[in-house]
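Just the heavy atoms: all of them, side chains too, but no hydrogens, waters or symmetry mates, feed the values below. Along the sequence shown, the residues carry numbers beginning at 1.
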Amino acid sequence: MTVVYSGGDDVFLVGAWNDAIEAASRIRAALREYTCGALTISGGVGVFQAKFPIRVAAAETARLEDKAKGLEHPEKDGIALFGAETEHCYHWDVFLQSVQGEKLGLLESFFGGEDADRGSSMLYNILDLLRQAQADTSRMPLARYAYLLSRLAPPNSAPDKKKKAYKAFSEKMYQWGWRRRSADSCSPPSSSMCTCTEKRDQQQKGEPSNVME
């Protein structure tokens, strides 16, 4: 991570998006410990091309920060991700537990390690279906969704560990896809899917991201 600016109650960091989120999480934890929970912090994380102007990135992430501060929560204490138009805006506790912890954790455990390159196109297709369902709450293309998830199933000859991992992954994806059809807020499943696929692509391309708090 590179500290571009730090002064007053603001900090602007540049680096890989996952490092930026981790840094923001640690800054928040340190602030809460130092102030005994008396102060909160809100932030924005944007993902940009490697040659994207830093000045414009700062303005974009500042808008995300404002979005996070606009959460309907008495303490504010929020984080907004990737783009104001995507509505990926969460209270920090929700983000840490439900998105970064539960959902991203499951995706990284299933697609990590030796299978890191598996199913990237499938993930984008699943993400597209989730976004369609979020935009149109009257329908959820469940048959297509089930088909795409089945394409990720390991072969019969695979070790039991992989079969169990797939079972846990597919069951959770069914639950999240069905439960989060409504478009009233950002969807943790689609957010996490976006996170998982973008992370792999950016690491290959060496693209940075920026976080402003």
Side-chain angles (χ1 to χ4, degrees), residues 15-26 28-29 45 47 79 81-82 86-135 137 139-183 185-207 209 211:
W17 73 265
N18 51 315
D19 291 338
I21 290 178
E22 179 65 25
S25 301
R26 293 186 180 188
R28 176 184 180 262
V45 179
V47 179
I79 180 170
L81 306 174
F82 308 139
T86 61
E87 297 297 323
H88 296 311
C89 190
Y90 309 87
H91 183 270
W92 263 108
D93 290 339
V94 173
F95 173 76
L96 293 173
Q97 180 177 347
S98 299
V99 180
Q100 188 178 32
E102 182 186 12
K103 294 177 173 64
L104 180 58
L106 181 72
L107 289 168
E108 289 188 327
S109 66
F110 183 68
F111 290 100
E114 61 184 15
D115 296 325
D117 294 328
R118 177 183 56 179
S120 179
S121 62
M122 288 293 177
L123 280 175
Y124 280 112
N125 290 332
I126 291 172
L127 174 60
D128 184 57
L129 287 183
L130 291 171
R131 285 175 171 167
Q132 289 178 31
Q134 186 174 341
T137 58
R139 69 184 187 92
M140 171 63 180
L142 190 58
R144 176 67 177 169
Y145 190 58
Y147 168 74
L148 290 174
L149 287 175
S150 69
R151 292 286 303 276
L152 294 171
N156 292 332
S157 58
D160 288 342
K161 182 178 180 180
K162 284 191 175 182
K163 293 179 181 178
K164 290 180 180 178
Y166 169 74
K167 184 175 185 294
F169 168 78
S170 60
E171 287 177 352
K172 281 293 186 181
M173 290 300 296
Y174 276 121
Q175 292 174 16
W176 296 335
W178 187 257
R179 186 175 67 238
R180 299 296 299 184
R181 288 179 300 169
S182 65
S185 65
C186 53
S187 166
S190 58
S191 166
S192 295
M193 295 288 287
C194 180
T195 292
C196 186
T197 55
E198 286 178 351
K199 177 179 178 180
R200 186 154 54 239
D201 289 349
Q202 286 158 14
Q203 286 176 336
Q204 291 173 352
K205 298 176 183 178
E207 295 177 1
S209 70
V211 57

Requested in this report: Look at the side chain of S98 and the backbone N and O of F95, then say whether any donor-acceptor pair between them is shorter than 3.5 Å.
Outcome: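 It does not hold such a pair.
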Query raised in the report: Just wondering, are more than 12 heavy atoms of other shown residues or ligands nearer than 6.0 Å to CD in Q97?
Result: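 12 or below, so no.
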Say you draw a straight line from [atom1] of [X] to [atom2] of [Y]; how long is it, rounded to the nearest 0.5 Å?
X    : Y    : atom1 : atom2 : answer
I21  : L104 : CD1   : CG    : 8.0 Å
Q100 : I79  : CD    : CD1   : 8.0 Å
I126 : R144 : CD1   : CZ    : 9.5 Å
F110 : M173 : CZ    : CE    : 10.0 Å
R26  : D19  : CZ    : CG    : 9.0 Å

Query raised in the report: Taking only residues at least two apart or on different chains, which pairs with a member in residues 88-101 satisfy salt bridge (charged side-chain N to carboxylate O under 4.0 Å, His left out)?
Result: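 Checked against salt bridge (charged side-chain N to carboxylate O under 4.0 Å, His left out) - neighbours excluded - the pairs reaching residues 88-101 are R28-D93.
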Query raised in the report: Can you say whether the rings of Y145 and Y174 are parallel (under 30°), tilted (30 to 60°) or perpendicular (over 60°)?
Result: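 Y145 vs Y174 ring planes: perpendicular.
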Query raised in the report: In terms of ring plane angle, is the pair Y166 and F169 parallel, tilted or perpendicular, where the classes change at 30° and 60°?
Result: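 Correct class here is tilted.
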Which atoms form the tightest heavy-atom contact between [X] and [Y], and what is the distance?
X    : Y    : value
L149 : S170 : CD1-O, 4.2 Å
A168 : L106 : O-CD2, 4.4 Å
K163 : A158 : CE-O, 3.3 Å

Requested in this report: Evaluate side chain to side chain contact (heavy atoms under 4.5 Å, CB included) for L81 paired with W17, printing each intermediate quantity in order.
Outcome: CA-CA 10 Å; L81 306 174; W17 73 265; over 6 Å; no
